[in-house]
There are 2 protein chains.
Amino acid sequence: MKEGPDIARVAALIGDPARANMLTALMVGKALTATELAAEAGVTSQTASTHLAKLDGGNLLRVRKQGRHKYFSLATDDVAAVLEGLMGLAAKSGHLRTRTGPRDASLRKARVCYNHLAGDMGIRMFDSFHGRGFLVLEREALRLTSEGAEFVAGFGIDLDKLAAQKSPLCKECLDWSARRSHLAGSLGRALLSRIEALGWAKRDPDSRAVIFTQRGEAAFARQLAVATV
Amino acid sequence: MKEGPDIARVAALIGDPARANMLTALMVGKALTATELAAEAGVTSQTASTHLAKLDGGNLLRVRKQGRHKYFSLATDDVAAVLEGLMGLAAKSGHLRTRTGPRDASLRKARVCYNHLAGDMGIRMFDSFHGRGFLVLEREALRLTSEGAEFVAGFGIDLDKLAAQKSPLCKECLDWSARRSHLAGSLGRALLSRIEALGWAKRDPDSRAVIFTQRGEAAFARQLAVATV
DNA sequence: CAGATGGTTCGATTAGGGTCGAACTATGAA
DNA sequence: TTCATAGTTCGACCCTAATCGAACCATCTG
C-alpha cells in the first residue's frame, strides 16, 4: 500500500484552480513574472506568492530573479508533458473550460506547447520528419539522424549551439487535441523560433495559438511537412 | 486566461491521498473491489465509496458490477500513463513514499504497470522489439510490423483475439524509474500474461514487482530482449 | 425465510488550506 | 533621499471537502 513515489503531493499542487491556471499559462513557454501570473490566475499578488512558493517547492517551476522581478517558467519538459496528459484526460471527460469557440479551432490547428509547435501542424511536421528518416526512435528516446541534422542545418538552425545546452535535443510530446506525438526538446523550440523569425507565423499574444500567414503555411507544407506516403 | 481543458478538476481528483492510493493500487492492472480499495487507501468503506464515485465521475475508472461486488479498474491506458508521469515528477522531486528498500530495486528491475511489463526489463524488451524491426513508430502511434506479428504469434500469442478488442494493440508508456518507453496496449498485456503462463515470472502479490525465475530471465533475454546493437 | 456481507446515503464534525487586508522588505527610478 | 513598484509575511476569516457513525439497500448463502 505504500510503494513508489507520492503522486498525491504533486497532483494536489496542480489540483488547485489558481495554480492550474498559472501552470497552463506557462505552457506557452515564456517566463512570466509573479504579478502576471497572479492576473492570469485571477488572484491577488499575496496569494499568488504563496502559490508560487508551493509550486517551486514541488519542483514544478524554475525561478530566476532579475532585478526586482521574479520570472517563473516550467521546470522541465516533463512537467509540460504531464500537463498535456492531464489536459487530454480532462478533454476526454468533456470538461472544457470554455465552450468551443472560433479560437478553439485555431488552437487545434497550431499552438505552442512549452515553446515548441503543437497541434495539427506540429504533428504533421513530426510525421514528415519521421517519414523522411530525419528522426528515429532509439533506446535513448528520439535521435536526429545525420540526414536530419543536415536538413535542419539547411533550414537555418545552429545545431552546435543546441548541443551545448544540457536539455535534450529531441523529445516526444503527446498532444491533448489529437492523441499523437509532436516534436519537443530544444530542437522543437529552435524550429518554432526559426519559423517565427522567417515570418511564417506569429503567436497570438492572448492565447497559445500560433497563427500562420498564407505564405507561411504554404512554405511550411513545402519544406517542413512534406507528405511521405 | 481560460483556454483549453480544465486540468484542475482532474488533478484535484488525483490529488487526494486516499484516492491517489487507490489509483496507485490499480496500476497493477487488476480490477479491485470497493472494500479492497478501501483497505488499500486506509479509509472506511463509506468514504471509499464516495471517493470511488468521484473518480468514476471524472472518467478515471471503469466500473463493472458482478453480483454484489463492484470491480474497479483504470479507465484507459491514458490514465495509467498520466499516473506514471506524475510518479516521475514526484520521484524527481525526491518525495518517495517509502525509503529506498530492497524491494525498491526489484521494482526498478521489473514491475507491472497496468498489466504490462515495466521497469528495466520492460524497456529492454521494447528496445529489442524496436531494434529488430518488430515495432515501428508511425503517425498513428506505434505499429506492429508483419515480422513482429509473425514473431509474436510464434511466441504463442493469438493476435486475432487481440485485434478483436477495441483497445489499441500497441502503445508507448513512459517509465518513472528510467525515463524511457516500454510497450503498453493489449499486446503489452498479452506478452506479460504469456510470460507468466510460461512460468518465467510471477507477480509479487504484495506489490507491483514482477519476479523472474533464473531460467525465466535467461529465456527472456534469449527470446524477447535480444540485443540488437 | 433469516443471516451475512458488500456497498451506499445521510448528517455532523473537523481540519486543512485558499483567500485577502495590512504591514513589511527589496529593488529601481528620479 | 524620496517615491513607486515587485514581492513576501502575518494574521484572521471562511469554506470546502474528507472523514466516520449510523442507518439503509442489495445480493448471495443456507
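In what follows, every chain begins at residue 1, and chains take the letters A, B, ... in the order their sequences are listed. Bear in mind that the values here come from a model prediction, so they are computed numbers and not experimental data.
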Inset, instruction - Please figure out whether A/Thr50 or A/Lys65 has its closest DNA chain C nucleotide nearer the 5' end. - result: A/Thr50
Legend entry - Spacing of CG belonging to B/Leu191 relative to CZ belonging to B/Phe220, to within rounding of 0.5 Å: 9.0 Å
Inset, instruction - Could you state the atom-to-atom distance from CZ of B/Arg19 to C1' of D/dA17 in whole Å? - result: 9 Å
Inset, instruction - Can you measure from OG1 (B/Thr24) to CD1 (B/Ile14) and round to the nearest 0.5 angstrom? - result: 9.5 Å
Inset, instruction - Look up atom CG in A/Asp16 and atom CG in A/Asn21, then write down how far apart they are to the nearest 0.5 Å. - result: 9.0 Å
Legend entry - A/Lys54 side chain near C/dG18 phosphate (N/O to OP1/OP2, under 4.0 Å): yes
Inset, instruction - Before accepting this row, confirm whether a basic side-chain N of the pair B/Arg208/B/Glu84 lies closer than 4.0 Å to the acidic partner's carboxylate O. - result: yes
Legend entry - A/Glu196/A/Arg203 ion pair, N-O < 4.0 Å: yes
Inset, instruction - Measure the distance from NE2 on B/His51 to C1' on C/dT8 and round it to the nearest whole Å. - result: 14 Å
Inset, instruction - Using the side-chain contact (heavy atoms from CB on, under 4.5 Å) rule, pick out the option among B/Val63, B/Leu13, B/Leu74 that qualifies with B/Leu55. - result: B/Leu13
Legend entry - Whole angstrom value for the distance that separates P of C/dG7 from CE of B/Met22: 11 Å
Inset, instruction - Scan A/Ala18 against the nucleic acid and name what it touches under 4.0 Å (heavy atoms): base, sugar-phosphate only, or nothing. - result: sugar-phosphate
Every protein N/O within reach of nucleotides 2-7 of chain D N/O, cut-off under 3.5 Å:
from	atom 1	to	atom 2	distance (Å)
D/dT5	O2	A/Arg68	NH1	3.2
D/dA6	O3'	A/Arg68	O	3.3
D/dG7	OP1	A/Lys70	N	2.9
D/dG7	OP2	A/Thr35	N	3.1
D/dG7	OP2	A/Thr35	OG1	2.9

Inset, instruction - Kindly point out which of C/dG18, D/dA18, C/dC20 is positioned nearest to the side chain of A/Thr44? - result: C/dC20
Inset, instruction - Using atom CG of B/Leu37 as one end and atom P of C/dT8 as the other, report the distance to the nearest whole Å. - result: 11 Å
Inset, instruction - Measure the distance from CZ on B/Arg9 to P on D/dT16 and round it to the nearest whole Å. - result: 14 Å
Legend entry - Between P of C/dT19 and CG of A/Asn21, the distance in whole Å: 10 Å
Legend entry - A/Lys109 bridged to A/Glu217 by N-O distance under 4.0 Å: yes
Legend entry - Pair of N/O donor and acceptor under 3.5 Å linking C/dG21 base with A/Gln46 side chain: yes
Inset, instruction - Round to a whole Å and report the spacing from CG of A/Leu52 to P of D/dT9. - result: 12 Å
Legend entry - Separation of D/dT27 C1' from B/Arg64 CZ (nearest whole Å): 19 Å
Inset, instruction - Output the distance between atom CG (A/Leu89) and atom OG1 (B/Thr76), rounded to the nearest 0.5 Å. - result: 6.5 Å
Inset, instruction - Show your working on side-chain hydrogen bond (donor to acceptor under 3.5 Å, both in side chains) between A/Arg189 and A/His116 and close with a plain yes or no. - result: CA-CA 5 Å; A/Arg189 277 190 280 263; A/His116 56 259; 5.6 Å; no
Legend entry - Axis bend over the full length of the helix from C/dC1-D/dG30 to C/dA30-D/dT1, computed from five pairs that close each end, to 10 degrees: 30°
